[in-house]
Amino acid sequence: MKKKLKLITTILLSTTLIISGCSLDADKDTQTATEYVNDDVAAAEETTEEAAATDSSIVVIENLFEPLLEEISSSAESSTIVKEEPAEETAGEETAEEVDKVEMVFFGDSQFANGRSDGSSIADMIATRVPNSVVYNLGIGGSTASLEASTNLTTPDKVTSNCFVGMAYALAGEADRNTILADNHEVLNTMNSIVPSKVDYYFIEYGANDFFSNVRLDIDLHDPDQIHTYYGALKAGVEKLKAISPQATIFIVSPFYSIYKSPEGSYIGDSYIVSNGIGTLADYAKKSQNVAEDTQVIAIDTMFRTHTDLYLDTSDQYLMDGVHLTLKGRQIFGRVFAHYVNFHEHNEPYAYLETDFIKIAEYDTEEYYRYDEGMMKEYYPESWAKYIKGEFPLAQPSEEALSWDN
């Protein structure tokens with residue numbers, strides 16, 4: 001892989017995301033759910049975008065019930081979707097031993113950990129769509145970005161938590177990874193296999209457990225322990241990864257859209273309207289985007305329907321318990337996230353990343369997304385010039401398109 005192009009493509013993607021609106025603006029109002037999934041919800045007070053600007057649209061729940069879910073595999077789920085096959089190598093490619101592998105490391109909670117045991121995790125789904133790639137999945141169920149409020153030991157050599165900050169310190173060799181991962185031997189073995197100087201991409205996904213744990217959103221200038229906050233912890237972890245892997249491209253994935261139910265199963269609300277007293281999960285999602293902007297890395301939205309139709313009316317297909325992704329949900333987001341890497345690797349034009357919006361009812365696990373060639377020629381002329389020459393291995397022009405300029 002051509003490392004010297006990393007900086008150029010990162011700047012290009014960051015700029016185009018902002019221009020096109022693919023990433024959420026920091027000052028964008030939190031949207032409010034207006035569709036309902038059952039009769040009980042339909043009976044709830046109707047909310048609108050105007051109401052979202054007032055406190056009356058927010059439902060504050062103390063000790064919000066968190067669905068408990070052990071790490072799962074696809075065999076434990078009801079879905080029988082066939083796992084995607086790895087992207088095929090193009091003719092004339094070098095042998096696997098000669099190809100420079102695309103190395104991707106995943107930090108996150110159960111959304112990344114789920115499916116690891118049988119190869120159906122989001123990380124594995126991305127690998128099937130990125131040629132010559134290898135993934136290192138460091139996801140741990142129940143983990144937070146922030147250091148637990150119960151400890152004031154915040155220097156790297158004293159941290160023993162498997163939160164994102166602790167994991168970043170451990171990968172950097174500044175914290176004792178054997179202590180931090182004493183209960184996660186598989187993850188420890190994975191971390192021991194990572195050489196930071198060889199990592200090409202980091203995916204970072206936290207927020208739901210910070211929300212359930214009532215973690216403060218913002219740093220306090222008078223508080224020296226800023227890693228006890230969601231913003232401060234994400235920022236500190238990202239900066240550590242940038243220090244040990246300056247060549248890597250970093251993506252911050254927002255917490256996923258969720259709906260909440262009481263222990264008895266009755267609907268409470270969704271990520272836009274249910275607050276832990278500090279903010280809604282949508283507020284945590286916006287804060288993750290703030291961190292991406294402030295650290296100059298790339299934000300990926302999984303809250304505000306930038307790439308998929310995950311919402312109240314489709315949540316039961318994406319989410320098995322209102323919070324955790326189903327197998328099909330992981331497959332869908334794996335396809336979305338793969339576009340980011342394939343754009344950076346020059347496997348696909350930017351149009352594929354910008355225009356692929358997946359509706360779960362229409363999703364086909366065997367489909368490889370193709371953007372309309374006429375639209376690409378008109379709206380993405382620079383990409384078209386490369387596309388028509390066959391410069392994108394995963395996006396080859398049709399015979400019809402090749403005849404257009406003749």
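Residues passing the ring-ring contact (aromatic ring centres under 6.0 Å, His included) test with F211, sequence neighbours excluded: Y260, Y284. Under the rule for a side chain to side chain donor-acceptor pair (under 3.5 Å), the partners of S161 that lie at least two apart in sequence or sit in another chain are E148. With sequence neighbours excluded, the residues satisfying side-chain contact (heavy atoms from CB on, under 4.5 Å) with E391 are K386, K389. Applying the ring-ring contact (aromatic ring centres under 6.0 Å, His included) rule to Y380 yields the partners Y371; only residues at least two apart in sequence or on another chain are considered. Applying the salt bridge (Lys or Arg N to Asp or Glu O under 4.0 Å) criterion to D356, with sequence neighbours excluded, gives R335. For the side chain to side chain donor-acceptor pair (under 3.5 Å) test, residues two or more places apart in sequence or in another chain that qualify with D157 are T155. Residues satisfying the salt bridge (Lys or Arg N to Asp or Glu O under 4.0 Å) criterion with D372, sequence neighbours excluded, are absent altogether. Judged as a side-chain contact (heavy atoms from CB on, under 4.5 Å), and not counting sequence neighbours, the contacts of D294 are Y231. Legend: residues meeting ring-ring contact (aromatic ring centres under 6.0 Å, His included) with F164, ordered by chain and number and at least two apart, are F107, Y206. The side chain to side chain donor-acceptor pair (under 3.5 Å) test applied to S258 returns no partner, not counting sequence neighbours. Residues satisfying the side chain to side chain donor-acceptor pair (under 3.5 Å) criterion with E400, sequence neighbours excluded, are absent altogether.
Counting only heavy atoms from C-beta outward, the side chains of F203 and V341 approach each other to under 4.5 Å. Looking at heavy atoms from C-beta onward, I388 lies in side-chain contact with L402 at the 4.5 angstrom threshold. Taking the side chain as every heavy atom from C-beta outward, Y201 and E345 approach each other to under 4.5 Å. Side-chain contact between Q247 and S245 is present, with heavy atoms from C-beta onward closer than 4.5 Å. Looking at heavy atoms from C-beta onward, T154 lies in side-chain contact with H228 at the 4.5 angstrom threshold.
Formation of a donor-acceptor pair under 3.5 Å by the E348 side chain with backbone atoms of A395 is not found in this model. No donor-acceptor distance shorter than 3.5 angstrom exists from the side chain of S110 to the backbone of N114, with no hydrogens or angles considered. Between the side chain of R330 and the backbone N or O of S120, at least one donor-acceptor pair lies under 3.5 Å. A donor-acceptor distance shorter than 3.5 angstrom exists from the side chain of D200 to the backbone of E103, with no hydrogens or angles considered. Checking side-chain atoms of S315 against main-chain N and O of G322 turns up no donor-acceptor pair under 3.5 Å. Not one N or O on the side chain of N162 forms a donor-acceptor pair closer than 3.5 Å with the backbone of S143. D309 places a side-chain N or O within 3.5 Å of a backbone atom of I360 that can act as its donor or acceptor partner. No donor-acceptor pair closer than 3.5 Å links the side chain of T280 to the backbone N or O of V274. Within the 3.5 Å criterion, the main-chain N or O of P255 finds a donor-acceptor partner in the side chain of T302. Between the side chain of K377 and the backbone N or O of W404, no donor-acceptor pair lies under 3.5 Å.
A side-chain donor from one of E373 and Y387 sits under 3.5 Å from a side-chain acceptor of the other. Between the side chains of S266 and E264, no donor N or O sits under 3.5 Å from an acceptor N or O. With no hydrogens or angles considered, a side-chain donor-acceptor pair links D210 and S146 at under 3.5 Å.
How far CG of L181 is from CD of E186: 11.5 Å, rounded to the nearest 0.5 Å. Distance CZ/R370 to CG/L394: 10.5 Å, rounded to 0.5 Å.
Taking the ring axis of Y311 as reference, the NZ or CZ atom of R305 stays within 45° of it and closer than 6.0 Å to the ring centre.
For the pair K261 and G265, the tightest heavy-atom approach, listed with the atom from each and the gap, is CD-O, 3.7 Å. For the pair N347 and F392, the tightest heavy-atom approach, listed with the atom from each and the gap, is O-CB, 3.4 Å.
Results of the ring-ring contact (aromatic ring centres under 6.0 Å, His included) test with H307 over Y340, F357, F337, F333 single out Y340 as the only residue that passes.
Within the structure, every pair that satisfies the ring pair (Phe, Tyr, Trp, His ring centres under 6.0 Å) test and touches residues 111-141, not counting sequence neighbours, is listed here: F106-F112.
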message = Evaluate N132 against D100 for side-chain contact (heavy atoms from CB on, under 4.5 Å), listing each step before the verdict.
response = CA-CA 8 Å; N132 307 313; D100 185 14; over 6 Å; no
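Other residues, nucleotides and ligands contribute at most 12 non-hydrogen atoms within 6.0 Å of the OH atom of Y379.
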